[in-house]
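Proteins get letters first, then strands, A, B, ... in listed order; numbering begins at 1 in each. Values below: all heavy atoms of this structure, side chains included; hydrogens, waters and symmetry mates excluded.
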Amino acid sequence: MECDDVTGGLEFDVESDDDDAINVQESDVLGDISDFWDDLAETSDDQRANPHTKQGSVTEGPNAENGLSRIALDDNKAGMDGLDKQKINDIIFSVSKGSRFYENEARKDEMARKRTERAVQELGRLKSLDLTTERSIVEQLCTKLEAQRDLSKVIVHVDMDAFYCAVEERDDPSLKGKAFAVGGTAMLTTASYAARAFGVRAAMPGYIALRLCPELKFVRPDHRKYSAASEEVRKVFQRYDPNFRPMSLDEAYLDLTPYLSMHPEDTPITVVSRMREEILSETGLTASAGIAANSLLAKVCSDRNKPNGQYFLPFDRESILEFVQALPVRKPPGIGKVTEQFLHALGIRTCKEIWDNRVYLYKLCSAASFDYFMRVVMGIGSSHEDRFGSGPDRKSISHETTFYPTSDATAMRATIRRLSHSLSVEMAEEKIKGNTVTIKLKRSDFRVFQKSKKLMRYLKMEDDIVAVALELLNDELQVNPGIELRLMGVRMSGLASSEVDKNVGIAKVSESSEYLGLIPKHLFSI
DNA sequence: GGCCGAAGGACCC
DNA sequence: CACCAGGGTCCTTCGGTA
């Protein structure tokens, strides 16, 4: 159906069965779209996308504009400029081409491309409509967001530089300055800065990295070491914000507001400098940091002067808007490659252009996406994200493993048992139980399937988890005998604490599962 | 219509 | 030689339904 009334406009995007409506479009639409592009892009797309493209070079490989962007080098992160991106992508492409992984990425890419195409056509239609009502709705929404602007907090995002590599380098000085990566030939978790100069980066398979950088050294990951180093770093965080929020071993958000009010002689900049010095002197590792009014901005800022640098974004609205609107759409966290492609197809390359096209995006995107876009380009944090203190409980826990592709059902069931076992062990450690079991299957062609089952009771024992997971697997094997898998996973969600209340003497302790007291909803109505 | 469960993706580290 | 991870969160769609 069409994007009909105004309230329904928030509904959603350009989904499948809109085909009929879209086919109505005639050639005049193309004219509209071209105009639109002309308006927004004074420079040609090719020039912008590939400044390093040499004239006459063959561009059969992926680049930012011809699709398959998910295969291409992700140079979003710092330390990746000045690379011959075209050459790197040609290598990545030639190594990946024809692999099952590649074919699956191409499939996903094609689906995204179709979605985007529908949006582009819809945009053409929108351009010829009178959108004054929508415009005023959008203004109201933005006014509401503006009212949420909070400039009273000092949030800092601290990000350790090439963390795993830095730890290895510290412990083995012979690695200093060398091109090396932590990981194996299958997958890298971190690349040293010297390796990044070759286009090597995290989440890249090692054998491709080896093509980009033949002298690349591999270092086996040692998580114990990284956890220990992380603990040291966190001790420093602790001193500045006891409620700091760790996002992973190597990064965290801190709210410096309380600290600063207790130390009036300090400024955000001096505090963060000192904190980074302390991290360096106490761990031998360098950190980068971003200081801003909210975590979203701080995150972008921490990337600004990486490695071993910091960036302070002034806490006034004008500075924030100027900063954020100059950003390419890919910079803010949450906007990844797919969304970038989507926006590019609409002629939108910077956050300012998101802002300029907000009425169209309002019609083209879901309410959640639109809301997020506006928060980003207005430099408003996501509402409650900066209220630290009580960290949100985790929602799920899972284990998964990749193996040589197999269609051996017995081996699959054994893997399910093994995963369920380790899952139950970890759940016991965490003292949690859950009521939903999901198995994840990745076929040898890389397509992922999930089967889940929500139960009327909470599980935590290995045997119960195995039973449900096996049931899900067997269902699938029944429908799809001979399926060849390369990965299996088991996840538990619908979590709750499994701690036994000692005061309630009911002998549920020995039972392997507990009943969930479900009460029909209507009993609650007054 | 809204909520729920199930399935599939995008994204992040 | 090796041939694209594993642990999460959140969003969207769809079908069933009380």
Without decimals, in angstroms, what is the distance between [X] [atom1] and [N] [atom2]?
X: A/Ile397; N: C/dG6; atom1: CD1; atom2: P; value: 16 Å
X: A/Glu430; N: C/dG8; atom1: CD; atom2: P; value: 9 Å
X: A/Gln450; N: C/dT13; atom1: CD; atom2: P; value: 18 Å
X: A/Asn76; N: B/dA10; atom1: CG; atom2: P; value: 17 Å
X: A/Ile335; N: C/dC11; atom1: CD1; atom2: C1'; value: 15 Å
X: A/Arg418; N: C/dG6; atom1: CZ; atom2: C1'; value: 13 Å
X: A/Phe373; N: B/dA10; atom1: CZ; atom2: C1'; value: 12 Å
X: A/Lys108; N: C/dC4; atom1: NZ; atom2: P; value: 14 Å

[atom1] gap between [N] and [M], integer Å:
N: B/dA10; M: C/dA5; atom1: P; answer: 16 Å
N: C/dG15; M: B/dG2; atom1: C1'; answer: 14 Å
N: C/dC14; M: B/dG1; atom1: C1'; answer: 15 Å

Minimum-distance pair of heavy atoms, taken over all atoms of [X] and [Y]:
X: A/Met488; Y: A/Phe403; answer: N-CE2, 3.6 Å
X: A/Leu346; Y: A/Leu123; answer: CD2-CD2, 3.9 Å
X: A/Thr190; Y: A/Phe163; answer: CG2-N, 4.4 Å

Comparing A/Tyr102 and A/Arg491 on DNA chain C - which has the more 5′ nearest nucleotide
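Counting from the 5' end, the first nearest nucleotide belongs to A/Tyr102.
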Between A/Phe323 and A/Tyr311, is the ring centre distance below 6.0 Å?
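Between A/Phe323 and A/Tyr311, the centre distance is under 6.0 Å.
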Within the structure shown, what part of the strands sits under 4.0 Å from [X] by heavy-atom distance: base, sugar-phosphate, or nothing?
X: A/Arg100; answer: nothing
X: A/Leu487; answer: sugar-phosphate
X: A/Thr185; answer: base
X: A/Ala202; answer: nothing
X: A/Arg107; answer: sugar-phosphate
X: A/Glu251; answer: sugar-phosphate
X: A/Ile208; answer: base
X: A/Met111; answer: sugar-phosphate
X: A/Thr402; answer: sugar-phosphate

Is the closest side-chain heavy-atom distance between A/Ile397 and A/Arg394 below 4.5 Å?
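Contact flag for A/Ile397/A/Arg394 side chains = yes.
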Is [X] near enough to [N] that one of its side-chain N or O atoms lies under 4.0 angstrom from OP1 or OP2?
X: A/Arg486; N: C/dA5; answer: yes
X: A/Thr339; N: B/dC11; answer: yes
X: A/Lys395; N: C/dT9; answer: no
X: A/Ser369; N: C/dT12; answer: yes
X: A/Arg394; N: C/dG8; answer: yes
X: A/Ser99; N: C/dC3; answer: no
X: A/Tyr404; N: C/dC3; answer: yes
X: A/Arg115; N: B/dA10; answer: yes
X: A/Ser96; N: C/dC3; answer: no

Side chain of [X], heavy atoms from C-beta onward: which of [options] has the nearest atom to it?
X: A/Ser396; options: C/dG7, B/dG5, C/dT9; answer: C/dT9
X: A/Arg70; options: B/dA10, C/dG7, B/dC12; answer: B/dA10
X: A/Ser398; options: C/dG7, C/dT12, C/dC4; answer: C/dG7
X: A/Ala203; options: B/dA7, C/dA5, C/dC3; answer: C/dA5
X: A/Val338; options: B/dA10, C/dG7, B/dA6; answer: B/dA10

Surrounding CZ of A/Arg211 (heavy atoms of other residues, nucleotides or ligands, distance under 6.0 Å), is the total greater than 12?
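No - once you tally the heavy atoms of other residues, nucleotides and ligands closer than 6.0 Å, there are 12 at most.
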Can you say whether the rings of A/His157 and A/Tyr253 are parallel (under 30°), tilted (30 to 60°) or perpendicular (over 60°)?
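Ring orientation, 0 to 90° scale: tilted.
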Salt bridge flag under 4.0 Å for residues A/Glu340 and A/Lys337:
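Salt bridge: no.
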Does a salt bridge link A/Arg118 with A/Glu122, judged by any charged N lying under 4.0 Å from a carboxylate O?
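No, no charged N to carboxylate O under 4.0 Å.
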Among residues 436-447 of chain A, which ones have heavy-atom contacts with DNA chain C below 4.0 Å?
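Heavy-atom contacts with DNA chain C come from A/Lys442, A/Phe446.
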Given salt bridge (charged side-chain N to carboxylate O under 4.0 Å, His left out), test A/Glu103 with A/Arg100 step by step and report yes or no.
CA-CA 5 Å; A/Glu103 293 304 325; A/Arg100 295 204 259 197; over 6 Å; no
Taking atom types as they are modelled, is there a donor-acceptor pair under 3.5 Å from the base of B/dC13 to the side chain of A/Thr189?
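No such pair is found, so the answer is no.
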5'-most contact on DNA chain B: A/Pro333 or A/Ser452, nearest heavy atom basis?
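That would be A/Ser452.
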